[in-house]
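Predicted, not measured: the structure shown is a model, and the values here were computed from it. What's counted below: heavy atoms across the whole structure, side chains too, no hydrogens, waters or symmetry copies. Below, chains carry the letters A, B, ... as their sequence lines are ordered, and counting in each starts from 1.
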Protein chains: 2
Amino acid sequence: MDTSDTDAAQSMPPRERILAAAADLFYRQGIRAIGVDAIVEQAGTNKMTLYRHFASKDELVAEYLQREAASADRIWTDLAARHPNDPLAQLRAWFRDMSDHASSADHRGCALANAAIELPEEDHPARAVVREHKNGTRDRVVKLARAAGMTEPKMLADELFLLLEGARVTAQSVGREGLGARLVRMGEAMIAAHRG
Amino acid sequence: MDTSDTDAAQSMPPRERILAAAADLFYRQGIRAIGVDAIVEQAGTNKMTLYRHFASKDELVAEYLQREAASADRIWTDLAARHPNDPLAQLRAWFRDMSDHASSADHRGCALANAAIELPEEDHPARAVVREHKNGTRDRVVKLARAAGMTEPKMLADELFLLLEGARVTAQSVGREGLGARLVRMGEAMIAAHRG
DNA sequence: TGGAGATGTTACCGGTCGGTAACAATATGT
DNA sequence: ACATATTGTTACCGACCGGTAACATCTCCA
């Protein structure tokens, strides 16, 4: 029995196993709460190998967040494929997907936003990743809203964006019951209020 | 020179000095980032005295958050005094005050929400304080919206509440430029959309 | 088969974590 | 002046933190 390296022990190179273990532990338990020893144990490797691939824990954190951001950005190509040439449908599907995700049971907030709260030093390597991703997301929503013919696309994008960001922290701090449905109603109302 | 016990060294009893130092350090640097040694140093006392007044660091954290919650709740009596018998004005003033606060320079998010993110264990003593305060705040906004004659007061309260919660995390993760003015515009639009 | 490069093992570093024991100094009120 | 309760001091505890040196083992390809 055992080989209890929980998840990603098989066949992946150690760098990937470390990243996978870090993603799981950092997200679920918090970046500051997890030490490198816990990561290498779950990754089925050792500290020396970790430090041969990452200059420091901080750089491991930065790469963890970069992958989270890249993974989150994949939604834009998905959206374009699901609703080609229909920016309004893309906008509504985006908000619905994000609402569903924010209110799902295993959700523990946005990994990027949580990291910004856990790491208040503005010059931490992770903070640049967070700023870039959040600004990029906001820009894409503004573009979508404009392409969908919304009046005041920037204002609508801010409303939807802040609403989701608030939902992700609220899901953690108070709970998730009924949050998804309420979110969708609010988002739909805001989109409706911005149609010409 | 010195007596560099930065702030609250003079005349306050050590318990209050500890709480004051903890509030400052926990809020600005993060709960997990600050150790008890840093707190007692800034409070101008020592670890033994801290542990004579608090059973553990976790209970100090819980009391820190209780005081933050109580301090935040003082806005409700302020609001009633500033706009007696005018729930609509109270609602709008509440949102404006919260917007100003969320976008001010020294703001580092909501102390309660940040704590929930820093402490993922659902049974941490701090988490009950957070849940209670957030639910209480939401209830008060709902009541205000209902008293102000809003259609769907619960939905409006959720919109305003989540918008602010999102703004407080966004202020940290990306920045504060222009956030206050944009927030007020959004809040006013939402309130206007819920008037009969 | 051999040799290079990646990985694993063990032991260690100084520092800090939350928390405590024993004892000395101080304030307070009578 | 004395007893009491509150604080301060020093030293310590085991555990963990991020990070590294030296050396053994493995994989894989020429």
| message | For a quick check, tell me whether the side chain of Arg52(A) and the base of dG8(C) share a donor-acceptor pair closer than 3.5 Å. | response | yes
| said: Is it the case that atom CZ in Arg82(B) sees more than 12 heavy atoms from other parts of the structure closer than 6.0 Å? | reply: yes
| query | With a cut-off of 6.0 Å (strictly less than), are more than 12 heavy atoms of other residues, nucleotides or ligands near CZ of Arg92(A)? | reply |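 Counting other residues, nucleotides and ligands, CZ of Arg92(A) stays at 12 neighbours or fewer.
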N/O (side chain, [X]) to phosphate O (OP1/OP2, [N]) under 4.0 Å:
X        : N       : answer
Lys57(B) : dG18(C) : yes
His53(A) : dA6(C)  : no
Thr49(A) : dT7(C)  : no
Tyr51(B) : dG19(C) : yes

What is the distance from [atom1] of [X] to [atom2] of [N], rounded to the nearest Å?
X        : N       : atom1 : atom2 : result
Arg17(B) : dT7(D)  : CZ    : P     : 9 Å
Asp37(B) : dC12(D) : CG    : P     : 16 Å
Ile34(A) : dC17(C) : CD1   : P     : 18 Å
Leu25(B) : dC17(C) : CG    : P     : 12 Å
Ile39(B) : dG18(C) : CD1   : P     : 8 Å
Leu50(B) : dT6(D)  : CG    : P     : 16 Å
Glu59(A) : dG18(D) : CD    : C1'   : 14 Å
Glu41(B) : dT10(D) : CD    : P     : 14 Å

| Parallel, tilted or perpendicular: which describes the rings of Trp76(B) and Trp94(B), with under 30° parallel and over 60° perpendicular? | parallel
| field | Electrostatic pair Arg185(A):Glu188(A) at N-O distance under 4.0 angstrom | value | no
| Of Met48(A) and Val36(A), whose closest DNA chain D nucleotide lies nearer the 5' terminus? |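 Between the two, 5'-proximity favours Val36(A).
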| task | Please determine, for the side chain of Lys47(A), which listed nucleotide (dG19(D), dT7(C), dA21(C)) has the closest atom? | result |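 Nearest to the side chain of Lys47(A) among the choices is dG19(D).
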| Side chain of Ser56(A) - closest among dG8(D), dG19(D), dT7(C) | dG19(D)
| message | Using modelled atom types and a 3.5 Å cut-off, is there a donor and acceptor pairing between side-chain atoms of Glu118(B) and backbone atoms of Arg32(B)? | response | yes
